[in-house]
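Quick one: this structure, given as structure tokens, is what I'll be asking you about.
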Protein chains: 2
Amino acid sequence: MIEVLKQHITNRLGNDLDNLDMVLSSFKHIKTKRNQHLLQQSDVCKYVYFVAKGCLQVYVYDKDFNETTRDIIIEDNWCSELLSFGSGKPALENIRTVEPCELFAIDRPTFQKLMETVPQFDKVYKQILEASYANSVYRINTFVSLTALDRIKWLMEYRPMLMTRLSSKLIASYLGINKDVFSRLKAKL
Amino acid sequence: MIEVLKQHITNRLGNDLDNLDMVLSSFKHIKTKRNQHLLQQSDVCKYVYFVAKGCLQVYVYDKDFNETTRDIIIEDNWCSELLSFGSGKPALENIRTVEPCELFAIDRPTFQKLMETVPQFDKVYKQILEASYANSVYRINTFVSLTALDRIKWLMEYRPMLMTRLSSKLIASYLGINKDVFSRLKAKL
DNA sequence: CTAAAACATAGACTTTTGTCATCATTCACG
DNA sequence: CGTGAATGATGACAAAAGTCTATGTTTTAG
């Protein structure tokens, strides 16, 4: 399973990385059940996770304690609450597993040591941050003005696997619409 | 007016910066009228702007050519289309002045030279990126699930000056609601 | 200073979205 | 592999948001 991470890293940093094994051994391999908490808001986010298998949900609670899902992360992607991880301040978001997962986790001291010893790895944090930012900007620009129906169409076009893989409840909270409305509109497509 | 920028930088990097004048002289002072385009989507974003006076709007067009405003930037803040600026790829967003402005602009080659010669300045890009990211995450988590009325209340609580300073049309496009609805709901507060 | 354009508000109406209750189905887990 | 809890679909209704028109006001650019 570490192969997935190995592949991911060489795709980005090239395979002329002679200390690749050292990099890989800096990660802790974690297997989880579904519905397991990796981070609770107000705790400090200690890890950056690489998802080798499974699916994570990043979410907050609104004033009525409904979940609002900011992001869904599937295989071959990074997941963290970067602002807490980077600053050591309490996290504002929660992270949980949606499915049984295989993750590779790296804590902050190890991450920083890696950045110092492996020059190319220095780019990784910036890359993760930039990708996360791009993702957020995109989500604001598309979603804030879209109707419920258009949000569903967007999901079917750009992340179709989520439609089949996740529960309606979760998708609805990701799209920011009511689950009954989602059910109704989906039937009319 | 350069004082505003000077203050901003010393607040962040400390005032033990002996080449501060060199840093400041790397910026180009720009005065603009209102309603002036600083960036059009599909062009490459060449500058990072520091807003010393005035107000900028970052926006996209939806499929019906309505503007959706992702961000409003006022004095003492940075503004750019970072993803385009950083990568050299075409910008996905537009930036325009909402009021007559005084800006300090820095282009990418100068920015990079600064990062190499002034070690502390290296943090600036990361800081701007992190602040932008935090802003976006916050906006998603609050806005996606809020009703029109709650969005207005949010604005009145956290960015009250925008309520008096901007046109209803612009505020509505920032909040992601219809301008008529905004007018109606505002009257009922 | 003035004419034209842009803006703000309001009413009437339509469409969309949310809520609640019910029932059928599926799926996780012992 | 069976069962209880979670999920998904649907109808009826309520509430919220969007649309369009009209009218009076404010801005702005020449």
Side-chain angles (χ1 to χ4, degrees), chain A residues 31-37 54-55 57 59 61-69 72 96-101 142-156 162-189, chain B residues 31-37 54-55 57 59 61-69 72 96-101 142-156 162-189:
Chain A
K31 295 188 186 197
T32 76
K33 290 186 280 190
R34 65 179 229 110
N35 254 329
Q36 197 146 323
H37 276 278
C55 182
Q57 174 196 15
Y59 65 101
Y61 294 99
D62 68 17
K63 65 179 196 312
D64 302 320
F65 301 104
N66 295 115
E67 291 176 12
T68 305
T69 301
I72 306 273
R96 81 152 68 95
T97 61
V98 174
E99 305 169 353
C101 287
T142 47
F143 275 56
V144 169
S145 67
L146 289 188
T147 65
L149 187 60
D150 286 335
R151 292 177 192 200
I152 296 172
K153 284 181 183 164
W154 176 88
L155 192 69
M156 290 177 66
L162 296 191
M163 287 289 284
T164 51
R165 188 166 171 178
L166 308 177
S167 73
S168 297
K169 189 183 163 192
L170 181 52
I171 294 175
S173 95
Y174 178 58
L175 297 182
I177 60 184
N178 182 281
K179 69 184 168 56
D180 296 330
V181 173
F182 175 69
S183 182
R184 226 168 19 204
L185 292 175
K186 193 176 50 166
K188 287 184 186 163
L189 282 173
Chain B
K31 296 189 185 197
T32 75
K33 290 185 280 189
R34 67 178 227 110
N35 254 329
Q36 198 146 324
H37 276 279
C55 182
Q57 173 195 16
Y59 65 100
Y61 294 99
D62 68 16
K63 64 181 198 310
D64 302 321
F65 301 104
N66 296 114
E67 289 176 12
T68 303
T69 301
I72 306 275
R96 81 152 68 95
T97 61
V98 174
E99 305 169 353
C101 287
T142 48
F143 276 55
V144 169
S145 67
L146 290 186
T147 64
L149 188 60
D150 287 335
R151 292 177 193 201
I152 296 172
K153 285 180 181 165
W154 176 89
L155 192 69
M156 290 176 68
L162 296 191
M163 287 290 284
T164 52
R165 188 166 170 178
L166 308 177
S167 74
S168 296
K169 188 182 163 193
L170 181 50
I171 295 176
S173 94
Y174 178 57
L175 297 181
I177 61 186
N178 183 282
K179 72 185 167 57
D180 297 331
V181 173
F182 175 70
S183 183
R184 231 175 6 212
L185 292 175
K186 192 176 51 166
K188 287 185 187 163
L189 281 175

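Letters A, B, ... mirror the listed sequences (proteins, then strands); counts begin at 1.
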_Can you tell me how far apart CG (Asp150(A)) and CG (Leu175(A)) are? Round to the nearest 0.5 Å._
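Rounded to the nearest 0.5 Å, the CG-CG separation comes to 11.5 Å.
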
*Base, sugar-phosphate, or nothing for Ser168(B), non-hydrogen atoms under 4.0 angstrom?*
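Sugar-phosphate only.
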
*At their closest point, which heavy atom of Phe143(B) faces which heavy atom of Tyr174(B), and how far apart are they?*
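Nearest pair, atom of Phe143(B) first, then Tyr174(B): CE2-O, 4.2 Å.
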
*To the nearest Å, how far apart are Asp180(B) CG and dA22(D) P?*
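It is 14 Å, rounded to the nearest whole Å.
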
_Just the rounded figure in Å: distance from C1' of dT28(D) to NZ of Lys33(B)._
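Spelled out: NZ on Lys33(B) to C1' on dT28(D) is 12 Å.
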
*Which sits closer to the 5' end of DNA chain C, Arg184(A) or Ser167(B), going by the nucleotide each is nearest to?*
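Residue closer to the 5' terminus by nearest nucleotide: Ser167(B).
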
*Spacing of CG belonging to Leu146(A) relative to CG belonging to Asp62(B), to within rounding of 0.5 Å*: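 So the CG of Leu146(A) and the CG of Asp62(B) are separated by 8.0 Å.
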
*How long is the line joining CD of Gln36(B) and C1' of dT28(D), in whole Å?*
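For the pair Gln36(B) CD and dT28(D) C1', the rounded distance is 15 Å.
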
*asked:* Once rounded to the nearest 0.5 Å, what's the spacing between atom NZ of Lys63(B) and atom OG of Ser145(A)?
replied: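 Answer rounded to 0.5 Å: 8.0 Å.
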
*Nearest-Å distance, CZ (Arg34(B)) to P (dT27(D))?*
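In whole Å, dT27(D) P lies 11 Å from Arg34(B) CZ.
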
*Please round to the nearest 0.5 Å and tell me the distance separating atom CD1 of Ile177(B) and atom OG1 of Thr147(B).*
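If we round to the nearest 0.5 Å, Ile177(B):CD1 and Thr147(B):OG1 are 9.0 Å apart.
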
_For a 4.0 angstrom threshold against heavy atoms of chain B, report the outermost contacting nucleotides of DNA chain C in 5' to 3' order._
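So the contact region on DNA chain C extends dC7(C) to dA12(C).
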
